[in-house]
Amino acid sequence: MSTTIATTATTTTKTSDLPSLSLIAAHSHISGLGLDETTLLPKESHQGMVGQLQARKAMGVILKMVQAGKIAGRGVLVAGPPSTGKTAIAMGLAQSLGPEVPFTALAASEVFSLELSKTESLTQAFRKSIGVRIREETEMIEGEVVEIQIDRSITGGHKQGKLTIKTTDMETIYELGQKMIEGLTKEKVLAGDVISIDKASGKISKLGKSFTRARDYDAMGPETKFVQCPEGELQKRKEVVHTVSLHEIDVINSRQQGFLALFSGDTGEIRQEVRDQINTKVAEWKEEGKAEIVPGVLFIDEVHMLDIECFSFINRALEDDFAPIVIMATNRGYSRTRGTNYKSPHGLPMDLLDRSIIIHTSSYSADEIRTILSIRAQEEEVELTGDALALLTKIGQETSLRYASNLISVSQQIAMKKRNASVELQDIKRAYMLFLDSDRSVQYLQENSSQYIDDSGNVTFGSEVKTEQPPAEQPAVEQPPVEDDKMETD
Ligand SMILES: Nc1ncnc2c1ncn2[C@@H]1O[C@H](COP(=O)(O)OP(=O)(O)O)[C@@H](O)[C@H]1O
Ligand SMILES: [Mg+2]
């Protein structure tokens, strides 16, 4: 890898390599930020997004910044109580960005669970979020297929053939090898198709059917695209633009891994020399006008799970030449930063907070909860009666939106058992009784604490130990701060 740096592999820089499938399912009803296309102001209910107008409007501004592609290396913190749509809004942003801008989502705990060092996995996440738009000239053959002739050998294994292809000015016959024949078969190329063949990679794309053959195909249906037979030379130089992420370039050029690692996702540690070389090369391309940097978005969910080493890494990485916009989400208030003994707002160290702009999300009104729940029901293809939706809304208000949303599929199961097509009030009630929300679970725990194993490993079976119980109506939902002393010992 001394002079040439490979960049052609997959061009899918979007969330394709997300391991967090559940994340997508919970937000599958969301197809964007739900903004008005011209003013970029949020609509009350659009693209699956409901309410939370202030935060969505703020995220719309971030969207504009990212799309302008001029600003990188900023931190945005989305802070708010659980179940107020922090992750949903980030997913909405991802959908609104379009396919060209890289978006990487990372749950903070993944940094610890991979077989990579914390800094390596953060580095990879950062570099996945930087796109490089590369302009290259390639030789193309473009024309209308006159005839494809494929000869099979008697044994059936080896194939060879001829492709006759023309423009309005010329016609040529090309010999076909095994690979090209497979390519043509895969694309279902027939006589009359206008195709282009990338000479370097052999990639075949179908551009449409030739107008001259339009009459032969009147049974083809409206989706058939007709194009003019190309003019002039068959071979053309064409400029192609493709966007790859820095991480993809790293992987392709890292000798131990090679591009196959992109598909398995098992990329291992990448040596710093490889990255340095690539940074230099990309900077050169940028100078020469061959490439543009597309700063994307790195979304770190549950960011309070990171520790002080990660935070200081992020602080430093935001100052890099190639830095994405980092969006973080947290539901923590004033709490301890992991790996330290001091407390700070949102559990983030002050220097990182100082660099970040903060977006707040707040609790939903009953109307908003009702709309979100009915969108969720539609998404899960569950029919709710009016009563059922009203009760579910009430549950959502009193417990959490997420709990109410989880009851939808559960109560559908209950309804199906009775062979009912739609979920009724009774089914929601059943589901509510069967599955506890966190409030009631806490209450249950307090009442039955003696039967559970406690922190010191003690358990008293059978004999109910009467203890002074705190009043039951005390809602104890406040999550206790995560105790993570483990972090400090290593
Ligand atoms: N404004 C909203 N519009 C539509 N759906 C929402 C909205 N806010 C939250 N949801 C949905 O409610 C559930 C919980 O929201 P989530 O974003 O996971 O909360 P958080 O990340 O703040 O804890 C998800 O299924 C999410 O898609
Ligand atoms: Mg979340």
Side-chain angles (χ1 to χ4, degrees), residues 15 18-36 41-60 63 76-96 103-110 297-306 327-333 335 346-347 358-382 389 392-393 395-410 437-438 477-479 482:
T15 50
L18 270 183
S20 347
L21 256 178
S22 60
L23 209 65
I24 296 167
H27 309 287
S28 53
H29 59 291
I30 287 164
S31 62
L33 278 174
L35 307 177
D36 185 278
L41 291 177
K43 295 185 186 174
E44 185 52 50
S45 170
H46 184 48
Q47 295 186 319
M49 273 287 183
V50 180
Q52 210 60 266
L53 298 177
Q54 203 61 16
R56 280 164 59 204
K57 190 167 155 189
M59 203 49 103
L63 173 67
V76 180
L77 178 66
V78 187
S83 213
T84 49
K86 299 181 293 296
T87 311
I89 289 174
M91 292 301 132
L93 173 74
Q95 308 258 10
S96 303
F103 178 93
T104 316
L106 182 76
S109 47
E110 285 173 53
V297 175
L298 170 59
F299 172 57
I300 309 179
D301 209 353
E302 312 287 336
V303 71
H304 48 265
M305 293 304 290
L306 293 181
I327 298 182
M328 301 166 278
T330 180
N331 54 24
R332 290 300 144 91
S335 63
H346 309 297
I358 302 179
I359 299 176
H360 275 280
T361 55
S362 46
S363 308
Y364 290 109
S365 72
D367 278 343
E368 286 162 342
I369 291 180
R370 183 178 316 108
T371 319
I372 294 173
L373 287 173
S374 67
I375 292 175
R376 278 307 298 178
Q378 260 173 35
E379 180 69 24
E380 296 180 23
E381 299 184 350
V382 175
L389 182 59
L392 209 53
T393 307
I395 293 173
Q397 267 178 293
E398 279 169 18
T399 62
S400 83
L401 177 57
R402 200 174 271 131
Y403 172 72
S405 178
N406 285 340
L407 284 190
I408 296 177
S409 51
V410 177
D437 57 290
S438 55
V477 260
E478 270 302 311
Q479 286 189 357
V482 180

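Order of appearance sets the numbers: ligands from 1, and atoms from 1 within every ligand.
The main-chain N or O of Ala329 is never found under 3.5 Å from a side-chain atom of Glu302 such that the two would form a donor-acceptor pair. Side-chain atoms of Glu380 do not come within 3.5 Å of backbone N or O of Ala377 as any donor-acceptor pair. Between the side chain of Lys86 and the backbone N or O of Pro81 there is at least one donor-acceptor pair closer than 3.5 Å. With hydrogens and angles disregarded, a donor-acceptor distance shorter than 3.5 Å links the side chain of Arg376 to the backbone of Ala26. Not one N or O on the side chain of His304 forms a donor-acceptor pair closer than 3.5 Å with the backbone of Thr330.
Here the protein contributes Thr87 OG1 as N, O or S atoms under 2.8 Å from the Mg ion (ligand 2).
Only the side chain of Ile30 comes within 4.0 Å of ligand 1, judged by heavy-atom distances. Both the backbone and the side chain of Thr84 come within 4.0 Å of ligand 1, counting heavy atoms alone. Of all the heavy atoms of Thr87, the ones lying under 4.0 Å from any atom of ligand 1 are found in both the backbone and the side chain.
Shown in contact with Leu401 at under 4.0 Å from a heavy atom are these atoms of ligand 1, numbered in order with element: 9 (C), 12 (O). Of all atoms in ligand 1, numbered sequentially from 1 with element shown, those under 4.0 Å from a heavy atom of His27 are 16 (P), 17 (O), 18 (O), 24 (C), 26 (C), 27 (O). Interface of Ala88 with ligand 1, defined as ligand atoms under 4.0 Å from a residue heavy atom, comprises 17 (O), 26 (C), 27 (O). In the vicinity of Ala26, heavy-atom distances shorter than 4.0 Å reach the ligand 1 atoms 24 (C), 25 (O), 27 (O). Of all atoms in ligand 1, numbered sequentially from 1 with element shown, those under 4.0 Å from a heavy atom of Gly85 are 8 (N), 9 (C), 15 (O), 16 (P), 17 (O), 19 (O), 20 (P), 22 (O).
Where the criterion is an N or O separation shorter than 3.5 Å, residue side chain and backbone included, Val50 meets it with respect to ligand 1.
Heavy-atom separations between Met91 and ligand 1 are all 4.0 Å or longer. The closest approach between a heavy atom of Pro82 and any atom of ligand 1 is below 4.0 Å. For the ligand labelled ligand 1, residue Ser405 lies outside the 4.0 Å heavy-atom shell.
With Arg56 as the fixed residue, the side-chain contact (heavy atoms from CB on, under 4.5 Å) test singles out one of Ile359, Ile89, Val50: Ile89. Of the candidates Val76, Leu63, Thr104, Leu93, Val297 forms a side-chain contact (heavy atoms from CB on, under 4.5 Å) with just one, namely Leu93.
The number of heavy atoms from other shown groups lying within 6.0 Å of CD (Gln54) does not exceed 12.
Using a 4.5 Å cut-off on side-chain heavy atoms (C-beta onward), Leu106 and Phe299 make no contact. Side-chain contact between Leu35 and Lys57 is absent, with no heavy atoms from C-beta onward closer than 4.5 Å. Side-chain contact between Leu33 and His46 is absent, with no heavy atoms from C-beta onward closer than 4.5 Å.
The nearest protein heavy atom to atom 13 (C) of ligand 1 is not closer than 4.0 Å.
Considering only non-hydrogen protein atoms, atom 8 (N) of ligand 1 sits nearest to Tyr364 OH, 2.6 Å. Given atom 4 (C) of ligand 1, the protein heavy atom at minimum distance is Gly48 O, 3.0 Å.
Of the listed options His29, Lys86, Arg402, Arg376, His29 places a heavy atom closest to atom 11 (C) of ligand 1.
For Asn406, there are no side chain to side chain donor-acceptor pair (under 3.5 Å) partners two or more places apart in sequence or in a different chain.
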Step by step, work out the side-chain contact (heavy atoms from CB on, under 4.5 Å) result for Ser405 and Leu373. CA-CA 6 Å; Ser405 178; Leu373 287 173; 4.1 Å; yes
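Checking Gln95 against Ser31 by side-chain atom types alone, no donor-acceptor pair falls below 3.5 Å.
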